[in-house]
Amino acid sequence: MMNSDSSLSIKDSTYAVSTVVKSIMTDFRISRPNFFSTPKKGENYELRADLNSEYRDRRKDAIKKVIANMTVGKDVSGLFPDVLKNMQTDDLEQKKLVYLYLMNYAKTQPELVILAVNTFVKDTDDSNPLIRALAIRTMGCIRVEKIIDYLCEPLRKCLRDENPYVRKTAAICVAKLYDLSPNLAIDNGFVSTLQDMVSDANPMVVANAVTALAEINESSSTKDIFIINAPTLTKLLVALNECTEWGRIAILAALAEYKPADSKEAEHIVERVVPQFQHVNGSVVLSAIKVIMIYMRAIKNEEAIRQLVRKMAPPLVTLLASAPEVQYVALRNINIILQKRPEILANEMRVFFCKYNDPPYVKIEKLEIMIKLANERNIDQLLSELKEYASEVDVDFVRKSVRAIGQCAIKISEASERCVNVLLDLINTKVNYVVQEAIVVIKDIFRKYPHKYEGIIPTLCQNLDALDEPEAKASLIWIIGEYAERIENADELILTFLDTFHDENFQVCKNFYVNLKYTRLNNFIILRVCDKLLLRFNYNWLLQVSNFSLKNHNQHKTSYNVLYKSLQPNVIILIFEIVHIFIGDYYQQILRLPRYYLGFHILS
Amino acid sequence: MISAFFIYNQKGEVLISRLYRQDLKRSVADIFRIQVISNTDIRSPIVTLGSTSFFHVRHENLFIVAVTKCNANAALVFEFCYRLVNIGKAYFGKLDEEAVKNNFVLVYELLDEVLDFGYPQNSETDTLKLYITTEGVKSERALKEDSSKITIQATGATSWRRPDIKYRKNEAFIDVIESINLLMSAKGNTLRADVSGQIMMRAYLSGTPECKFGLNDKLLLEKDTSHKGMARKSTAVEIDDCQFHQCVKLGKFDSDRTISFVPPDGEFELMRYRTTENVILPFRVHPVVNEIGKSRVEYRVTVKANFSPKLYANNVLIKIPTPLNTANINVRVASGKAKYVPAENAILWKIPRFQGQYEVMLSGDAELSAMTVKKAWSRPPISMDFQVLMFTSSGLLVRFLKVFEKSNYTSVKWVRYMTKAGSYQIRF
């Protein structure tokens, strides 16, 4: 089974050493000897000798060595003429290697490529179809202006070759030529030949013609190169069942672009596409699903649509058993499909439950889908599952799971209480990041269902010390502010946050500030808050906050702007402004406050 | 479509690099090495940097990478990468760094054949082996006279079969292999139980045989019974979904649920299926795991085989997770061997032969070392591995395999069944 090429390992150190010695002794052509770069040149020198050797095996081994060097990124373009000499050979393997070299370095040696043309053209006349195809395939990949003119005749021949293998290769070659020179491809009639090839008797030729046409159409300015009409449609539908899996994908992609004339035609095409759901290749299945999703728009028959929706679920579920990467793509697609037709997988939530050893990217996609599928009937199951995930090790996944619980609460109001209970259970685990995430989520639940779950506020406040993330802090501040009247020690709680006030980032402060503004803490608290503010203020921060207020409160906008603009970096007036906003309704005190505090500040 | 294809080793050295389109430079290989291989934060198998997307699949110690500049069909790219892995396995036995390095010429040759201008072409291993050969894989006939036939076969409607196959004895072997996936909650509820089955066939049949294959498929039998008036529903299996090898005529299956095909020569996967109804769980696990204080975890795990006492399960392995700070383990088992493996944070309990209806128990405890940070143990699920011969969890049976050929030869058919563990997890 194993190839015995082990002597040709990519890094052959003993070989390199002998090369150094040899090159120092023999390579006289280097005008200024540089011992650091000689080994490389020396190796090429030796390879050159081997490429010109009289022994076949030696030449072939040298070519292999050149390819190996090319792979690891060494520059072997200097050997171009020597490699080229080995092109004309009966040994197919050697020929392929030379072609591989040519494709890589043709651009660096455009002048010399012309030497290869003769062999190429001769090869396209070979009796062996594999060689004919190889020659036309490689020629298309050599992107040198000079060679294009020589490409046209052989390509014309190959497009009409009796052997389907050559024809299917030539079909792709037209796309290569078009990429290089659109006019040449059109003027020579290759594109119209390609259009005829869609009716070829061989399914693989059809598939490749479709592929090439689709690509050309995509890059053309007019977009009228590949238009499917009734006869081509029939051809495509026939070829769909006969060609390789990759060909099927190409045909399905073409069908997805087709606009069915009426509901009846759409139903007819769908009927031919649906069997592809049973294909073993997941990408064929996804392509078929794409076609069906698009055609469903055109179908008027409600019963037919119901049937299709029913048929679509099993193959989608089956994709979840494929390799994780394919699963990932499938899940991303399912996520989109569900936006359009949530009913497809309505009863299949269990299959999206995460396995402990699923890769993280799969788990997170599954989570999103589960939220989409959540409803009153399956919510209990989902909640116990999400609770389970919240105890896993992957922090990111745990956070997203907690967040998912909140999303369920907001989505399904009947279940919100159960969701809140699960969140409370999680808070009681005291795992730091779980607690913080839960608090963020609970804030959202409070916003959606105001005054419904006030009872849990004490539990939340117990975890005040554990909070160190801005978003969690900001959320708790918001909650305290919002329910300040009902929290006995709201003032104390707020003040604990004040201690670290000036270390906080903008988000926390902003929330702090906005909440205080809208809530009715007692005067005393406000005074204390202002006190802290004054003691701990940071000019830049104040500036930011005041900017924020200017932008957000239209009713005061003009006056603030005037105030703001008239300020030099005059901190005191800025504080005045902040205090003014804090007090809100307590307008009366504004007059007294600044004076008092200004005095206090100056004194301290 | 695919603009470039690379194979890297673990260290990020390029072993194979093949460009298919000119929209990329060879140096794009370095970008992948820097941004993905040496970056531990990358979690997605698709990484898009600027307008270039890198798709990667890991296999053995290799990174198999496809690069594209356009909005490529992602599922196709991944399926193709996996197909390439399978081709590699078929040619070299195992696709790893060693195999790629030793056969790099052949790998290039294969890459030239299976992708043209970035579009996948024929990737059937059996066909490729006809004309891409090494010392290991060599067809005896001279290439030249055969190549017309090969190319016609490679592109034709039955690209998987040569027309001139002859066997003295015509035989077909069918293996039904089921993987059972289970997810059991800590309370003992089955959260998920499904079977993904595989029907492998080894066909040694002459000529161009038309085969018809029948299972105890509920939908099919219901159709039958409406004609014959027989009530056979009890033994029928409801198949949720199935996929077929490309030789199976999908249109025919869609219209009347018959499975008919012209098989490739030799071994192939005829079909895959999935069932979720009435799944028989071969093993029941009852774990009782108590964390006693901070220093001890107590285990009592009972496992019961739920199949006929005439049958045996082989290579049963039960993996019972232990906390990360486990210092010492004491366990007693009634049969098999249990061993604590610190590297896996688990007790591995092996039972080489497990008779049906038999029940075994493991009891013991884990001593924990003290930790400064108290972090809750995430309690990963208990997982199981096993094989049970002549048993299908879904209850699936092969009803018939009929072979029709012009010469009307008689053929011998064999069938075997096996159930093995897929992801068999029990939470506790």
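To find a chain, count down the sequence lines: A is the first, B the second, and so on, and within it residues start at 1.
Looking at N104(A) and R18(B), their side chains never come closer than 4.5 Å, going by heavy atoms from C-beta outward. Within the 4.5 Å cutoff, no side-chain heavy atoms of E388(A) are placed close to those of R379(B). Contact of the Q121(B) side chain with the T244(A) side chain is not registered, since no non-hydrogen atoms from C-beta on lie closer than 4.5 Å. Looking only at side-chain heavy atoms (C-beta outward), S123(B) and E245(A) come within less than 4.5 Å of each other. Side-chain contact between S44(B) and Y328(A) is present, with at least one heavy-atom pair separated by less than 4.5 Å.
For a residue to count as touching a neighbouring chain, one of its non-hydrogen atoms must lie under 4.5 Å from one of that chain's; by this rule S384(A) does not touch chain B. For F80(B), the parts lying under 4.5 angstrom from a heavy atom of chain A are both the backbone and the side chain. With a 4.5 Å cut-off on non-hydrogen atoms, K96(A) touches chain B through its side chain but not through its backbone. Both the backbone and the side chain of F244(B) come within less than 4.5 Å of a heavy atom in chain A. Looking at Q425(B), only its side chain comes within 4.5 Å of chain A, counting heavy atoms on both sides. Contact of R272(B) with chain A is made through the side chain alone, with heavy-atom distances under 4.5 Å. In this structure, the portions of N122(B) lying under 4.5 Å from any heavy atom of chain A include both its backbone and its side chain. Heavy atoms closer than 4.5 Å to chain B are found in the side chain of R143(A), but not in its backbone. Heavy atoms of R167(A) lying under 4.5 Å from chain B are absent altogether. Within the 4.5 angstrom heavy-atom criterion, atoms from both the backbone and the side chain of D112(B) approach chain A. For chain A, the nearby part of S423(B) is the side chain; its heavy atoms alone come within less than 4.5 Å. For a residue to count as touching a neighbouring chain, one of its non-hydrogen atoms must lie under 4.5 Å from one of that chain's; by this rule T190(B) touches chain A with the backbone only. Heavy atoms closer than 4.5 Å to chain B are found in the side chain of K311(A), but not in its backbone. For I16(B), the part lying under 4.5 angstrom from a heavy atom of chain A is the backbone only. For F353(A), the parts lying near chain B are the backbone and the side chain together; criterion is any non-hydrogen pair under 4.5 Å. Proximity to chain B involves both the backbone and the side chain of P315(A), based on heavy atoms less than 4.5 angstrom apart. Of the atoms belonging to I67(A), heavy atoms from both backbone and side chain fall under 4.5 Å from chain B. Using a 4.5 Å cut-off between heavy atoms, E162(A) does not touch chain B at all. Of the atoms belonging to K290(A), not a single heavy atom falls under 4.5 Å from chain B. At a 4.5 Å heavy-atom cutoff, Y99(A) makes no contact with chain B through either its backbone or its side chain. Contacts of D394(A) with chain B are made by side-chain atoms alone, with heavy-atom separations under 4.5 Å and no backbone atom involved. In this structure, chain B has a heavy atom under 4.5 Å from the side chain of V329(A), while its backbone stays farther away. Heavy-atom distances place no part of N432(A) under 4.5 Å from chain B, backbone and side chain included.
Nearest approach of P45(B) to E325(A), heavy atoms of both residues: CB-CG, 3.5 Å. In plain terms, the two heavy atoms of A75(B) and L286(A) that are nearest each other are CB-CD1, 3.6 Å. Minimum heavy-atom separation, S283(A) to E79(B): OG-CG, 3.6 Å. Considering every non-hydrogen atom in both S378(B) and Y356(A), the closest pair reads OG-OH, 3.7 Å.
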Pair E93(A), V105(B) - check side-chain contact (heavy atoms from CB on, under 4.5 Å), show working. CA-CA 8 Å; E93(A) 193 187 29; V105(B) 172; 3.5 Å; yes

Would V280(A) and E269(B) satisfy side-chain contact (heavy atoms from CB on, under 4.5 Å), going step by step from the backbone distance to the final call? CA-CA 10 Å; V280(A) 71; E269(B) 184 192 70; 3.8 Å; yes

Should N208(A) and Y119(B) be marked as a side-chain contact (heavy atoms from CB on, under 4.5 Å) after you check the CA-CA gap, both sets of side-chain angles, and the distance that decides it? CA-CA 9 Å; N208(A) 273 6; Y119(B) 293 104; 5.7 Å; no

Please determine whether side-chain contact (heavy atoms from CB on, under 4.5 Å) holds for the pair R137(A) and F117(B), giving the CA-CA distance in whole Å, both sets of side-chain angles, and the decisive distance to 0.1 Å. CA-CA 9 Å; R137(A) 185 165 66 214; F117(B) 206 37; over 6 Å; no

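Of the possible donor and acceptor atoms, one in the side chain of Q278(A) sits under 3.5 Å from a partner among the backbone N and O of C242(B).
Chain B forms the most heavy-atom pairs under 4.5 Å with one residue out of P324(A), G282(A), A321(A), and that residue is G282(A). Per-residue heavy-atom pair counts under 4.5 Å with chain B were compared for V317(A), V274(A), V205(A), and the maximum is reached by V317(A). In terms of heavy-atom pairs under 4.5 angstrom with chain B, the leader among N357(A), V326(A), T429(A), T318(A) is T318(A). Taking chain B as the reference chain and counting heavy-atom pairs below 4.5 Å, the highest number among H279(A), E215(A), Q276(A), K168(A) is found for E215(A). The choice from V166(A), N241(A), I249(A), T138(A) that makes the most heavy-atom pairs within less than 4.5 Å of chain B is I249(A).
How far OG1 of T211(A) is from CE of M1(B): 9.0 Å, rounded to the nearest 0.5 Å. Here the NZ atom belonging to K355(A) is positioned 5.0 Å from the CZ atom belonging to R192(B), to the nearest 0.5 angstrom. Q243(B) contributes atom CD, which lies 10.0 Å from atom CG of N281(A) (distance to the nearest 0.5 angstrom).
Looking only at atom types and distance, the side chain of T71(A) has a donor-acceptor partner in the side chain of Y108(B) under 3.5 Å away.
Shown here are the ring pair (Phe, Tyr, Trp, His ring centres under 6.0 Å) partners of F352(A), two or more places apart in sequence or in another chain: there are none. With sequence neighbours left out, Y178(A) forms a ring pair (Phe, Tyr, Trp, His ring centres under 6.0 Å) with no residue at all.
We find that R427(B) and E385(A) are joined by a salt bridge, their nearest charged nitrogen and carboxylate oxygen being less than 4.0 Å apart. A salt bridge links K176(A) to D116(B): one of the charged nitrogens lies within less than 4.0 Å of a carboxylate oxygen.
Taking a 6.0 Å sphere around NZ of K430(A), one finds it holds more than 12 heavy atoms contributed by other residues, nucleotides or ligands. Other residues, nucleotides and ligands contribute at most 12 non-hydrogen atoms within 6.0 Å of the CD atom of E218(A). The local environment of CD in E271(A) is sparse, with at most 12 non-hydrogen atoms from other residues, nucleotides or ligands closer than 6.0 Å.
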